[in-house]
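The next block holds one structure in the form of structure tokens; read it before the comments.
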Amino acid sequence: MPETTAPASPSAAVEFGVLGPLRVALGGTELELTAPRLRTFLAALVVKAGAKVGVNELADAVWGADLPRNPRRAVQLCAVRVRAQLERIDAAHLVATCPDGYRLDVPADRTDVGRMRRRIAEADAAAGDGARELAAVEAALGEWRGEALADVPSEALHREVVPGLTEQRLALIERRAALLLHDGNPADLVDELVALTARYPLRERLWAALMEALHRSGRRGEALDAYHRYSRLLRDELGIDPSEAVLALHKSILTSRTETEPDAATPLAVPRQLPSDTVAFTGRAAELASLDALLAAKDDSSGPLVGVVTGTAGIGKTSLAVHWARGVADEFPDGQLFANLRGYHREQALPPHRVLARFMRALGVRGEDVPEDPDELAAAYRSAMDGRRMLIVLDNANGSDQVRPLLPGSAGCLVLVTSRDVLMGLIAEEGAAQIGLELPTLAESRRLLSRRIGRERLAAESGAADDIIAASARLPLALAIAAAQAVAKRGTRLSTLAEQLRAGLDAFGAPSTETDVRAVFSWSYRSLSPDAARLLRLLGLHPGPDVTAAAAASLCDCAPASAAQRVDELVRVNLLMEPAPGRYALHDLMREYSTELLHVEASEADRNDAARRILDHYLHTGHVAATILNPQRASLSLGEPPAVAHPETVADHDAAMAWFAAEAEVLLTLVDWAVARGDDRSAWQLAMILVGYFELQGAWSQWIASQQVALEAAERLADPALEAYSHRGVGRAHARMRRGDDAERHFTRSMELYRDLGDLKGESLVLTNLAILYSGRDDYVRALEHARRALELEERLEDTDSATTLNLVAWFLAHVGEQESALDHGLRARAGFQRIADPLGEAAALDTIGFVHHQLGRFPEAIDTFQEAIRLNRQLGNRYDTAVCLLNLGDSQAASGDRGAARESWRQAETVLDELQHPDVDEARKRLAE
């Protein structure tokens with residue numbers, strides 16, 4: 001097919017289960033894993049079968065807060081031991097290694113979770129056919145063997161996975177009851193529903209079903225008694241009344257109407273986005289009580305409640321908000337949303353529309369259904385939140401305008417905002433409650449130090465501890481940094497550290513709380529080696545959310561080994577955080593402090609040189625990685641990297657994909673940063689570097705957004721060649737999202753510019769894009785015409801390879817009935833791609849060849865060819881084209897009479913397309929439904 005990781009085929013009979021105790025079975029043989037950590041490791045892979053589970057996620061699942069000294073090594077050992085156990089049934093290969101993680105290489109049907117979800121999909125497809133729907137629901141329930149992960153001792157999995165699985169089970173139980181009520185004998189259900197309501201006393205649909213079953217069985221009094229018991233339970237436990245649906249059912253029973261049935265609940269995504277609680281959180285009893293009072297008013301409010309936690313920098317606003325939110329999360333059964341608005345970072349503050357888009361996806365809205373217009377997006381968000389009972393935590397807001405679009409419109413939700421600003425607009429206009437944070441008491445400060453330094457050491461020098469508290473002005477962030485220094489220097493007396501801290505405070509010479517924070521930073525800063533101090537200053541210039549030691553080498557213009565030593569020093573003294581292995585970040589306050597230092601201690605020329613080194617590092621590393629992903633994409637004219645930059649080595653395709661996965665967010669930030677600095681050419685180049693990765697990953701919205709920035713940069717540069725390229729890039733992104741009119745508009749402008757430039761290669765590329773666009777409209781005659789015109793232009797250019805265009809011509813010939821000619825062109829295209837070592841293009845040619853074989857009725861040849869195309873696409877991480885080839889493979893398998901294999905191929909395609917949120921998922925579902 002035209003240009004554009006699911007698991008490899010595993011051992012056919014090995015099955016895995018987590019809907020009960022962990023189960024590994026080969027035929028009638030059950031494999032028992034006696035070691036709890038091995039069960040946990042394998043269970044974490046099973047629940048995400050076919051997808052990568054990161055090393056950090058596995059470590060958290062297996063060890064929780066008690067991480068070993070080297071988590072990565074410990075996870076690797078777990079993998080080795082699990083494979084050794086699986087080798088007993090010849091299944092060790094099913095635990096596959098992938099970049100920064102592991103994957104269980106089995107299709108969904110080899111896990112009970114996958115089979116359950118398939119049965120749910122079958123039930124959804126059979127809605128309206130009571131017998132078929134009931135059979136599918138009961139089959140889904142039949143996959144359960146007890147409580148999910150019953151013998152897996154993992155706090156993380158029981159916190160993050162089990163609730164979702166349990167909710168699916170309860171929804172199935174409720175659905176079965178509703179179906180039996182509709183088509184069965186209600187009297188047969190009564191005893192079962194009595195037991196279920198006793199076990200799950202707050203499940204409304206079970207109580208409604210019990211009321212309905214009793215009423216239809218002629219037991220009207222008992223039905224009304226069930227209503228009153230449920231109503232009292234809600235008032236006693238939650239302080240609320242039954243829903244409108246239950247009230248209507250109660251009324252219908254009172255008036256002897258038996259036809260009313262509760263509506264089936266709409267499945268909703270239940271996000272759980274709250275960060276981890278602070279281990280050393282202490283005190284704040286009054287503020288927590290104020291938040292509890294705000295929560296108590298939720299049910300009496302006609303709209304969403306808003307609380308604003310305010311206070312100076314470093315006072316502990318985020319810690320308080322997260323600690324309280326964690327404690328009351330169960331009060332919000334529809335989930336919790338969290339966003340760090342980064343409001344006080346001049347170049348990273350999140351605009352409301354970006355946060356809204358993230359929230360919409362978290363609420364289960366498909367990517368293509370998320371509006372781009374900010375006003376429409378805000379309205380859609382309010383609609384999606386209507387009727388939901390959710391907690392939304394908005395951290396680090398810079399003003400009311402950043403928060404207001406993120407407020408839901410209806411009652412039932414509570415929004416907690418943290419900000420250094422009082423946010424008077426929210427208080428005056430939205431009735432927000434203010435919770436102001438003051439400095440902790442001396443006793444609370446001592447408890448904080450005690451939990452961090454240790455009770456015995458603190459008691460041995462209680463006077464010195466009080467001196468540290470006084471010098472830190474009791475500011476929680478300052479206390480935390482002071483405590484970290486004490487921990488790092490265990491052999492140093494606390495009185496000595498207190499004296500050093502007092503000297504740092506004197507150096508700043510001002511008593512304000514903000515200056516006190518700088519004093520603590522200064523104390524730590526002055527203890528650094530000159531090289532580490534320089535890196536700390538320069539890190540304030542780096543615009544991304546985090547940085548690697550390799551990027552730090554370019555930032556400092558030093559050898560990578562030296563950069564790694566400087567990073568380790570900063571981490572050791574708690575000035576640099578490591579939120580993920582190998583990635584480092586500055587706290588917001590420390591970033592501000594390091595930026596101030598840079599402006600005081602470095603000239604403008606030095607700052608500009610450092611900024612240029614940052615850009616060169618990511619441009620040259622990214623260009624190599626992008627060229628590996630797609631060797632045929634037009635290369636940028638970057639030349640050799642300057643000696644002061646130290647780009648990373650990217651060895652192969654897997655390394656390139658891993659680099660982009662880790663750095664995509666940084667690169668996107670750099671694009672905007674370059675624009676803000678007036679460096680449109682670098683912004684354009686960075687956006688171009690990202691295209692191949694976004695295309696392979698199916699990151700459609702990011703692709704379009706970055707290309708739009710590139711186009712605007714090209715227009716400011718008044719460079720027709722860059723404008724032409726950018727218009728074509730934006731057009732390709734729109735075409736992938738089936739936005740044909742937008743795509744054609746950009747392609748047309750690109751063609752005009754290329755013709756003005758006399759660029760035949762550019763014209764040929766646009767012609768191929770237009771050809772693909774017309775084929776999407778089923779206008780294959782016009783598509784073939786454009787592809788042949790492109791091929792004619794390429795034949796006039798001696799240095800241009802025509803494999804891609806040959807493949808397009810083959811594809812369109814096949815669709816106009818010229819199959820033999822199509823096969824000839826497809827084979828020539830594949831040979832051309834092999835000659836230039838382009839596996840991505842070869843996979844596309846194989847898809848075309850397979851399609852032609854299918855059209856000619858050569859189904860075995862088609863199946864073999866599609867399978868080879870799928871193998872190549874999976875190796876390359878090309879998720880969208882993998883899904884398309886799976887659709888085509890299923891068609892050929894169905895035509896050959898193997899309906900079971902066809903269903904499996906279509907199901908795998910549906911999974912990938914659904915993850916990509918691509919409109920083609922409807923094609924897969926249509927095939928499965930038929």
Side-chain angles (χ1 to χ4, degrees), residues 1 4-10 16 46-52 103-127 132-133 136-137 139-140 143 164-165 168 171-172 267 269 361 364-370 695-700 736-738 776 843 847 850-851 854 862-863 866-867 869-871 873-874 877-896 898-930:
M1 68 165 286
T4 48
T5 303
S9 297
F16 299 83
V46 173
V47 297
K48 291 188 176 181
K52 183 187 86 171
R103 181 182 67 243
L104 185 65
D105 253 348
V106 296
D109 266 3
R110 294 301 175 195
T111 71
D112 52 12
V113 173
R115 289 191 297 272
M116 177 190 70
R117 289 172 178 163
R118 177 165 62 85
R119 296 297 191 185
I120 292 173
E122 291 172 356
D124 292 341
R132 285 179 56 214
E133 184 180 0
V137 167
E143 295 295 337
L165 293 173
Q168 286 182 302
L172 285 167
R361 291 191 291 271
V365 179
R366 292 159 53 91
E368 63 267 27
D369 295 332
V370 176
E695 187 171 7
L696 287 173
Q697 287 293 293
W700 318 114
R736 269 297 174 87
M737 287 302 292
R738 303 292 188 264
D847 187 53
F851 180 79
H854 179 95
I863 290 170
F866 286 134
Q867 288 174 336
I870 291 166
R871 183 188 66 80
N873 278 320
R874 282 176 171 161
N878 189 356
R879 303 180 70 203
Y880 174 71
D881 284 355
T882 296
V884 172
C885 290
L886 282 165
L887 286 175
N888 294 335
L889 172 63
D891 292 344
S892 294
Q893 289 167 330
S896 69
D898 193 346
R899 302 291 296 181
R903 279 194 296 273
E904 179 58 30
S905 297
W906 292 331
R907 191 171 296 112
Q908 290 184 33
E910 179 196 24
T911 299
V912 175
L913 291 168
D914 189 48
E915 290 172 354
L916 295 178
Q917 299 183 341
H918 194 277
D920 284 357
V921 71
D922 293 335
E923 289 296 320
R925 289 170 178 162
K926 180 180 178 182
R927 286 166 167 78
L928 288 168
E930 292 174 349

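- Using a 4.5 Å heavy-atom threshold, the side chains of Asp914 and Arg925 count as touching.
- The line from OG of Ser905 to CG of Leu928 is 10.0 Å long, rounded to the nearest 0.5 Å.
- Heavy atoms only, all atoms of each residue included: Pro107 and Glu904 are closest at CB-OE2, 3.4 Å.
- Between Arg927 and Asp891, some side-chain heavy-atom pair lies under the 4.5 Å cut-off.
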field: Residue pair Arg879, Leu916: steps toward the side-chain contact (heavy atoms from CB on, under 4.5 Å) verdict
entry: CA-CA 8 Å; Arg879 303 180 70 203; Leu916 295 178; 3.5 Å; yes
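- Not a single ring pair (Phe, Tyr, Trp, His ring centres under 6.0 Å) links Phe16 to another residue, sequence neighbours left out.
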- request: Check step by step if side-chain contact (heavy atoms from CB on, under 4.5 Å) holds for Ile120 and Leu172.
  value: CA-CA 8 Å; Ile120 292 173; Leu172 285 167; 3.8 Å; yes
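- Of the possible polar contacts, none joining the Arg119 side chain to the Val137 backbone as a donor-acceptor pair under 3.5 Å is found.
- The minimum heavy-atom distance between Ala843 and Ala869, with the atom names listed, is O-CB, 3.6 Å.
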task: In sequence, state the C-alpha distance, the side-chain angles, and the governing distance for Leu889 and Trp906, and then conclude on side-chain contact (heavy atoms from CB on, under 4.5 Å).
output: CA-CA 8 Å; Leu889 172 63; Trp906 292 331; over 6 Å; no
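- The distance from atom CG of Asp847 to atom SG of Cys885, rounded to the nearest 0.5 Å, is 3.5 Å.
- Heavy-atom minimum distance, Met116 versus Glu143: N-CG, 4.0 Å.
- Considering only residues two or more places apart in sequence or on other chains, Arg899 meets the salt bridge (Lys or Arg N to Asp or Glu O under 4.0 Å) condition with none of them.
- Taken to the nearest 0.5 Å, the CG atom of Asp124 stands 7.5 Å off from the CD atom of Glu133.
- Residues Val921 and Glu910 approach most closely at CG2-O, 3.8 Å, considering heavy atoms.
- Under the 4.5 Å side-chain criterion, counting only non-hydrogen atoms from C-beta, Leu913 is not in contact with Glu923.
- Here CG of Asp920 is found 7.5 Å from CG of Leu887. Values are rounded to the nearest 0.5 Å.
- In this view, Lys48 and Glu57 satisfy the salt bridge (Lys or Arg N to Asp or Glu O under 4.0 Å) rule, not counting sequence neighbours.
- Of all heavy-atom pairs spanning Thr882 and Arg874, the tightest one is OG1-N, 3.7 Å.
- A distance of 11.0 Å separates CZ in Arg903 from CD in Gln893, rounded to the nearest 0.5 Å.
- Summarising the geometry of Arg117 relative to Leu165, their closest heavy-atom pair is NH2-CD2, 4.0 Å, with the distance given to 0.1 Å.
- Here the CG atom belonging to Asp105 is positioned 13.5 Å from the CZ atom belonging to Arg110, to the nearest 0.5 angstrom.
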